[in-house]
Amino acid sequence: MKMVIHIKSGVDGDMLSERARIMRESLQKSQSITDNVVNILGSFDHRLSALETAMRPTQIRTHAIRTAHGNIDKTLKAAEVILSQFDISRQAEVKILKGPHEDLESYLQAIDQLRNNIRFFSNNKSFKSSDGVLSHANSLLTKAISKLEEEFKQLLLSYSKPVEPDRLFECLPNSMRPSSSPGHQDSSGKSRLSNSNAEQNSAENAVYTPPTLIPPRILPLLHDLAQQMVQAGHQQQFVRIYRDTRSPVLEESLRNLGVEKLSKDDVQKMQWEVLEAKIGNWIHFMRIAVKLLFAAERKVCDQILEGFDSLNDQCFAEVTTASVAVLLSFGDAIAKSKRSPEKLFVLLDMYEIMRELHSEIESLFSGKACSEIRESAFGLTKQLAKTAQETFGDFEEAVEKDATKTTISDGTVHPLTSYVINYVKFLFDYQSTLKQLFQEFENGGDSNSQLATVTMRIMQALQTNLDGKSKQYKDAALTHLFLMNNIHYMVRSVRRSEAKDLLGDDWVQRHRRVVQQHANQYKRIAWAKILQCLSIQGLTSSGGSNNSGTVDGQNSSGVSRSTVKDRLKIFNMQFEELHQRQTQWTVPDTELRESLRLAVAEVLLPAYRSFIKRFGPLVDSGKNAQKYIRYSAEDLDRMLGEFFEGKTLNEPKR
């Protein structure tokens, strides 16, 4: 077994040796082949180098020919471009020399072509004739722009016409259109005041349609002309032309409407009725100017100068400055004129319209160029608020110190009372305006409570003045009747107006008690003496019997006939005096008058009936009984019904 393994190992070794030999021979052959290939390639490289050397002159000549052809092509193309620019320049020149009037669109295209031509030659200075071409083109462009300015001026002028009042009124909402003229009012001159808030509310919610100042088809042409002028650097020439054309037209529109240029002296010299009418007109003019004319003017500016915001604002400011100044100067003259109570309501009307127009003024007159106009308008609003507030204070002081010597002989409502109450009622028509006015100057605080405080102060000032006036009466009963009438008028007016919500029920109830106190005082003072005549006191020493029997001119109570007659005689005389005097006195309020008569009757008639029933038989048994028992209780009641009618005096207007 071992021998077999040994033999097999010997065979394997011989096989390995053979394989190794074969591999050595193969490697030697591969090396030989590689060396041969390298020798062959080296031979090719040598031949290629020789070929390249031989071809180089030919390649150089070919490249030179190609470069020459390229340069020729470039030169020809450059020449073609230059020639085309000359051709464009000639075409543009022909159109420009014809002028813009015949064909404005072609004229504007020619200017654009000329500008492109100038840019081309400016970027191609190497062309030896470029300087001459540029000089000619620039000269032509200057002439073109000059003609264009004239065309813009003529086109703008031909379509700039003042807006007639009737056309403006058609642009107003139906509720705001005047029946005759903006300042129309009734003969009393008060309708404008009483309707001002209704007008304000409708104005704030109404839609206004600004008039068309320039036909829409013309605006694009004006825009293109403006654009060319601005691109040519002629902004200031444009502004001058635009202002000089549009501004007088706007001023004429306002003049046709009725706007006047009035100085402070003119305003100071005017009678109040005339001035009040002019203020009413001014309020309408401001609304029409801002919402219609200025809004329409801004729209034209925006369309003609679209894309040129700062120039747009400048032109709008230049066009409107004079017109705005005329309007605001009148308002300023009123705000700075001598204060008086009757001016408060027109000041509030003016303040209202400026507040109403605030946001529109801010929007229309936006931008730096319009800042002065904006500040002037807002300054007037502040001045009106300040003057109104000061006038408010003046009114309170004037009420307290009113020293009119008007004698109200019948004790009715004093003219001062009706004036102040009507004044306060008017103030409550302006509640929202007054609250804003208080907010202008007060830091924080409830504007409702501020208005309530001011109103209470005015009412207190009125009461203080009335207390002083009541002391003019020599008859104390009439003093209390006067105060009763006037304070009742105040209470009734407050209860029937918006003032009740502001002053509160407490104020109303407190002053109703004051009215009742004066009524009681009147009754006590006026009727105390006459009631004393009907008193048992002083007639008898023992008043326990109600026996009407008489003995020798006396009843069983020991009262003498003569004493009863004297009492009845005095009663008749005093009652007749009271009747004669107090039928001339006045209690204008029906309910209060009836209440006061009833209060007197409830005291007088039972006392009279009791007296007559008890002591009447003493008189009836004697002669001329009717001389002493002149009236029945029914007669007295009827005559009391004639009290406080003011029969012999005309009742003053209330």
Side-chain angles (χ1 to χ4, degrees), residues 396 399-400 402 404 406-428 452 455-473 475-527 578 581-604 640-647 649-654:
E396 181 187 334
V399 170
E400 189 167 355
D402 177 76
T404 52
T406 306
T407 303
I408 308 299
S409 59
D410 61 349
T412 190
V413 175
H414 196 281
L416 177 67
T417 304
S418 55
Y419 174 72
V420 171
I421 293 301
N422 286 336
Y423 201 90
V424 170
K425 283 181 181 177
F426 268 131
L427 286 177
F428 279 93
T455 306
M456 283 182 182
R457 287 207 308 261
I458 291 173
M459 293 296 209
Q460 186 55 53
L462 176 59
Q463 280 184 256
T464 301
N465 190 288
L466 290 171
D467 285 340
K469 284 180 168 39
S470 71
K471 292 178 172 59
Q472 296 174 5
Y473 295 108
D475 189 330
L478 187 54
T479 293
H480 289 287
L481 190 82
F482 170 79
L483 290 171
M484 178 197 74
N485 276 330
N486 282 270
I487 296 172
H488 178 268
Y489 183 86
M490 292 165 64
V491 172
R492 187 191 63 177
S493 300
V494 167
R495 286 176 62 198
R496 294 179 179 178
S497 73
E498 294 177 66
K500 181 186 177 184
D501 296 331
L502 205 61
L503 297 178
D505 284 332
D506 181 62
W507 187 95
V508 172
Q509 295 304 323
R510 192 167 67 251
H511 285 79
R512 286 182 75 177
R513 287 194 293 273
V514 173
V515 172
Q516 189 59 52
Q517 287 165 11
H518 285 299
N520 291 340
Q521 286 292 88
Y522 152 78
K523 187 171 66 175
R524 183 183 63 79
I525 295 168
W527 297 92
L578 284 170
R581 188 162 65 251
Q582 294 196 28
T583 51
Q584 296 175 2
W585 293 0
T586 302
V587 177
D589 183 80
T590 305
E591 187 179 339
L592 181 62
R593 184 169 62 244
E594 290 303 323
S595 172
L596 194 60
R597 287 171 179 168
L598 183 60
V600 172
E602 285 176 346
V603 175
L604 179 67
L640 282 175
E642 297 171 355
F643 277 47
F644 318 126
E645 293 284 355
K647 286 190 174 179
L649 292 175
N650 292 325
E651 184 176 318
K653 292 181 181 179
R654 295 185 291 275

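Counting from 1, the numbers follow the sequence of the chain as shown.
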Treating [X] as the side-chain partner and [Y] as the backbone partner, does any N or O pair qualify as donor plus acceptor under 3.5 Å?
X      : Y      : result
Thr464 : Gln460 : yes
Tyr473 : Ile408 : yes
Thr479 : Ser470 : yes

*Is the ring centre of Phe643 less than 6.0 Å from the ring centre of Trp527?*
yes

Quick one: list whatever passes salt bridge (Lys or Arg N to Asp or Glu O under 4.0 Å) with [X], sequence neighbours left out.
X      : value
Arg593 : Glu645
Lys500 : Asp505
Arg524 : none
Arg457 : Glu396

_Residues that His414 engages under ring pair (Phe, Tyr, Trp, His ring centres under 6.0 Å), provided they are two or more places apart_ = none

*Pick from Arg597, Glu594, Met484: which one makes a side chain to side chain contact (heavy atoms under 4.5 Å, CB included) with Val587?*
Met484

Please list, chain by chain and in numerical order, all residues satisfying side chain to side chain donor-acceptor pair (under 3.5 Å) with [X], sequence neighbours excluded.
X      : value
Glu400 : none
Lys523 : none
Glu642 : His579
Arg513 : none

*Step by step, work out the side-chain hydrogen bond (donor to acceptor under 3.5 Å, both in side chains) result for Gln516 and Asn520.*
CA-CA 6 Å; Gln516 189 59 52; Asn520 291 340; 3.1 Å; yes

Are [X] and [Y] close enough that some pair of their side-chain heavy atoms sits under 4.5 Å apart?
X      : Y      : value
Leu483 : Asp467 : yes
Arg492 : Leu592 : no
Thr455 : Ile458 : no
Met459 : His511 : no

Closest approach of [X] and [Y], non-hydrogen atoms and distance?
X      : Y      : answer
Val413 : Pro588 : CG2-CG, 3.9 Å
Leu596 : Ala519 : CD1-CB, 4.1 Å
Phe482 : Leu466 : CE2-O, 3.7 Å

Spacing of [X] atom [atom1] and [Y] atom [atom2] [to the nearest 0.5 Å]:
X      : Y      : atom1 : atom2 : result
Leu502 : Ser497 : CG    : OG    : 9.5 Å
Gln463 : Ile487 : CD    : CD1   : 5.0 Å
Thr412 : Leu481 : OG1   : CG    : 8.5 Å
Thr417 : His488 : OG1   : NE2   : 13.5 Å

Mind checking side-chain contact (heavy atoms from CB on, under 4.5 Å) for [X] and listing every partner two or more places apart, or none if nothing turns up?
X      : result
Leu598 : Glu602
Ala526 : Ala477, Tyr522, Gln582
Asp402 : Thr404, Leu416, Asn465, Lys469

*Show your reasoning for whether side chain to side chain contact (heavy atoms under 4.5 Å, CB included) applies to Leu462 and Tyr423.*
CA-CA 12 Å; Leu462 176 59; Tyr423 201 90; over 6 Å; no

*I would like to know whether Val514 and His518 meet side chain to side chain contact (heavy atoms under 4.5 Å, CB included); could you show each step before the answer?*
CA-CA 6 Å; Val514 173; His518 285 299; 3.7 Å; yes

*So with a 6.0 Å cut-off around CZ of Arg510, is the heavy-atom count from everything else above 12?*
yes

*Crowded around Gln509 CD? As in, over 12 foreign heavy atoms under 6.0 Å?*
yes

